Enquirer: 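Before I ask anything, let me first share the structure, which is written out below as structure tokens.
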Amino acid sequence: MTTNPAPGPDTRAEGTTNPARGARTGPAPAPVTRAEVPAIPAPVHATRAEGRFTFTAATPLAADPALAGAAAWLRASLTPATGLPLPDRSRGSEGAGGVELRLAGGLGPEEYRLTATPESVLIEAATPAGAFYGAQTLRQLLDPAAFRRGRTGDRTWSVPAVTIADAPRYGWRGCLIDVARHFLPKNDLLRYIDLLAAHKLNVLHLHLTDDQGWRLQIRKYPRLTEVGSWRRESPLGARRHRRFDGRPHGGYYSQDDIREIVSYAADRFITIVPEIDLPGHTQAAIAAYPELGNLATPLEVRTDWGVSENVLNVADSTIAFFTDVLEEVLELFPGPYVCVGGDEVPKTQWNESVPAKERIRELGLRDADELQTWFVRHFTDYLLARGRRPLGWDELMEGGPPPGLTVGAWRGEKCATMAARAGHDVVVSPFAETYLDFRQAEGDQEPVPIGSVTSLEAVHGFDPVPGGLTEQERGRILGAQAALWTEHIDSPRLLDYMAFPRLAAFAEAVWSGGRDFEDFLGRLAVHEKRLDALGVEYRPAAGPHPWQRRPDAPGHPRTRAEIDGTLAAWTANLRF
Ligand code: ACM
């Protein structure tokens, strides 16, 4: 049993029943129809029976002590919305009926069974995480008003009689939120944790540092946040328009904020993967501590989007600095994975830098790509020695991937395939399919339209496993992540618009395996009422409300052919 939902060393030991080991094998389950259970993500098996279970003020809630956390969450979620006190009843005491969370053997680490009859509701699970997912499904069986935080009037609360057997397809069901380009205030981040949990997602990848902002307090290096956590201004729309807003932007999480966020997420079975992006995407750090960079001239926190040429130097003191940073990161984030970045590192400054060229010569390296692997390897080895798992972007394959690296494959199937064939675990996040900052539809009404169209249907149909892998290689695909990069998402309201409903479709792709889009749409009609009740400002199917448009911030839409061309050019020289 594990209390950690992310695929980590402890979940791995459980062998083939562990969904963390990649795609579930065996025949695809029959699609669940909305007439049976309008839940999202769709349960793997659900069968309706006659009648309903009706809650009353006396309906008790019982839980095995090991599942008390899920029971506490259920009560804390339902009582304010429904007025139902759900009084505690210890297991096995007199007075049958009510809701029970029961520990059961023989189920996987996130699996649950839910049996509702007119007399009782039973959720069975082998782990607290499984019970939590059962409780989440139970909330979806109620009227969408159960998703409010207060009562809207008197009503009878009931759920249909149903038998559900459910387990996720993938162990890693993630969402990246870029809090560096635009800071997401703590309260909004906590709200997102609830939203991820409501969709049975279990990994929050926090992109904490970038050229445009450093968002994590580091005690040893206070200037990282004093200087690095804010910028003078930001582009308004795509950078090609050269418009700027003339308005400072900033914010950061204190270490106590992080402790709170981590524990709030853990209570919802979400593991946070912190990312300290190295050695590129570091201009905010260099602005704070110029000795980390390659240039004599001081830099400011970057006010433009796009990839910065300003990368870290390769001095021993720089490696020591970021080892100190990771030391504090490890204190704060107890999860198994830490991301060290490695993406989009222009080698211009290294190719011109005397110390970098000396390093290459001294170490007998081929080129600056190998120098990058050498640099990053200090941190991946450090993490491995500390019992953690390093995650890094697929560019790290180019200089020979550091041993023990889990690869974040964002540049398409080729990179995911290459990493799996090289024996690395892989989390896939192909940008044309899973980057939710890409526009949702054609038309200039979409707020800051960038990239190609990533439609709701395409996200729903997304299949994380590249074709052509062997069984063993398929097992290395831990799962997938959607990504909310925030260059153009400058507020929590716009984050809602870009995330939903596509994140609900993504959750179905990684939990259930999205197969029947029409059926999903039928369930989405109910789900949107839940999102309304939660106050989520999702994109309406007919397009943005007038107040969701951004005529002040022009975008840079591209066709899928253009995006595919870019991808092909990026990966043309990759050999495997
Ligand atoms: C990335 O999108 N640069 C990981």
Side-chain angles (χ1 to χ4, degrees), residues 172 174-182 203-213 215 238-239 273-284 302 304-312 337-347 369 372-373 376 379-380 390-399 401-402 405-416 418-419 424-439 448 450-452 454 459 462 464 478-489 498-499 506 556 558 562-564 566-571 574:
W172 188 302
C175 180
L176 177 150
I177 303 184
D178 168 13
V179 295
R181 269 53 173 270
H182 279 101
V203 176
L204 169 58
H205 179 149
L206 269 189
H207 183 75
L208 287 163
T209 64
D210 215 302
D211 299 314
Q212 297 85 0
R215 307 288 173 218
R239 57 193 302 240
V273 177
E275 179 178 359
I276 305 294
D277 205 343
L278 303 170
H281 292 278
T282 42
Q283 190 171 319
R302 189 169 163 86
D304 202 359
W305 309 136
V307 175
S308 168
E309 297 279 334
N310 295 307
V311 303
L312 297 178
Y337 287 87
V338 174
C339 183
V340 292
D343 58 324
E344 299 176 316
V345 183
K347 306 294 176 344
D369 285 340
Q372 174 171 346
T373 292
V376 169
F379 305 107
T380 57
L391 173 69
W393 298 112
D394 60 46
E395 283 94 329
L396 290 173
M397 305 291 293
E398 290 167 19
L405 185 77
T406 296
V407 175
W410 71 281
R411 296 179 305 169
E413 286 205 347
K414 189 171 175 181
C415 289
M418 186 173 165
H424 292 267
D425 283 349
V426 187
V427 176
V428 303
S429 190
F431 69 102
E433 283 90 14
T434 61
Y435 277 18
L436 302 184
D437 55 333
F438 275 30
R439 60 205 169 108
V448 201
I450 60 154
S452 50
T454 300
V459 174
F462 170 64
L478 302 181
Q481 266 183 198
L484 287 157
W485 297 101
T486 60
E487 286 93 334
H488 305 290
I489 303 178
M498 299 307 286
F506 176 80
H556 179 196
R558 285 179 286 169
E562 285 173 289
I563 292 291
D564 287 346
T566 302
L567 179 60
W570 279 347
T571 57
L574 294 180

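Not measured: the values here are computed from a predicted model. As the structure lists them, so they are numbered: ligands from 1, and atoms in each ligand from 1.
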Enquirer: Who pairs with Glu433 by side-chain contact (heavy atoms from CB on, under 4.5 Å), at least two apart in sequence or on another chain?
Expert: Pro430, Phe462, Arg560
Enquirer: Return the CG to CD1 distance between Asp437 and Ile489, rounded to the nearest 0.5 Å.
Expert: 5.5 Å
Enquirer: Sequence neighbours left out, what passes ring pair (Phe, Tyr, Trp, His ring centres under 6.0 Å) with His205? Give chain and number order.
Expert: Trp393
Enquirer: Between atom NE2 of His281 and atom CG of Leu312, what is the distance when rounded to the nearest 0.5 Å?
Expert: 11.5 Å
Enquirer: Sequence neighbours excluded, which residues qualify as side-chain hydrogen bond (donor to acceptor under 3.5 Å, both in side chains) partners of Asp277?
Expert: none
Enquirer: Collect the protein residues that have a non-hydrogen atom under 4.0 Å from ligand 1 and hand them over in chain and number order.
Expert: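 Shell around ligand 1 (4.0 Å, heavy atoms): Asp343, Glu344, Trp393, Trp410, Tyr435, Trp485.
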Enquirer: Give the C-alpha distance, both sets of side-chain angles, the deciding distance and a yes or no for side-chain hydrogen bond (donor to acceptor under 3.5 Å, both in side chains) between Glu395 and Trp410.
Expert: CA-CA 9 Å; Glu395 283 94 329; Trp410 71 281; 2.9 Å; yes
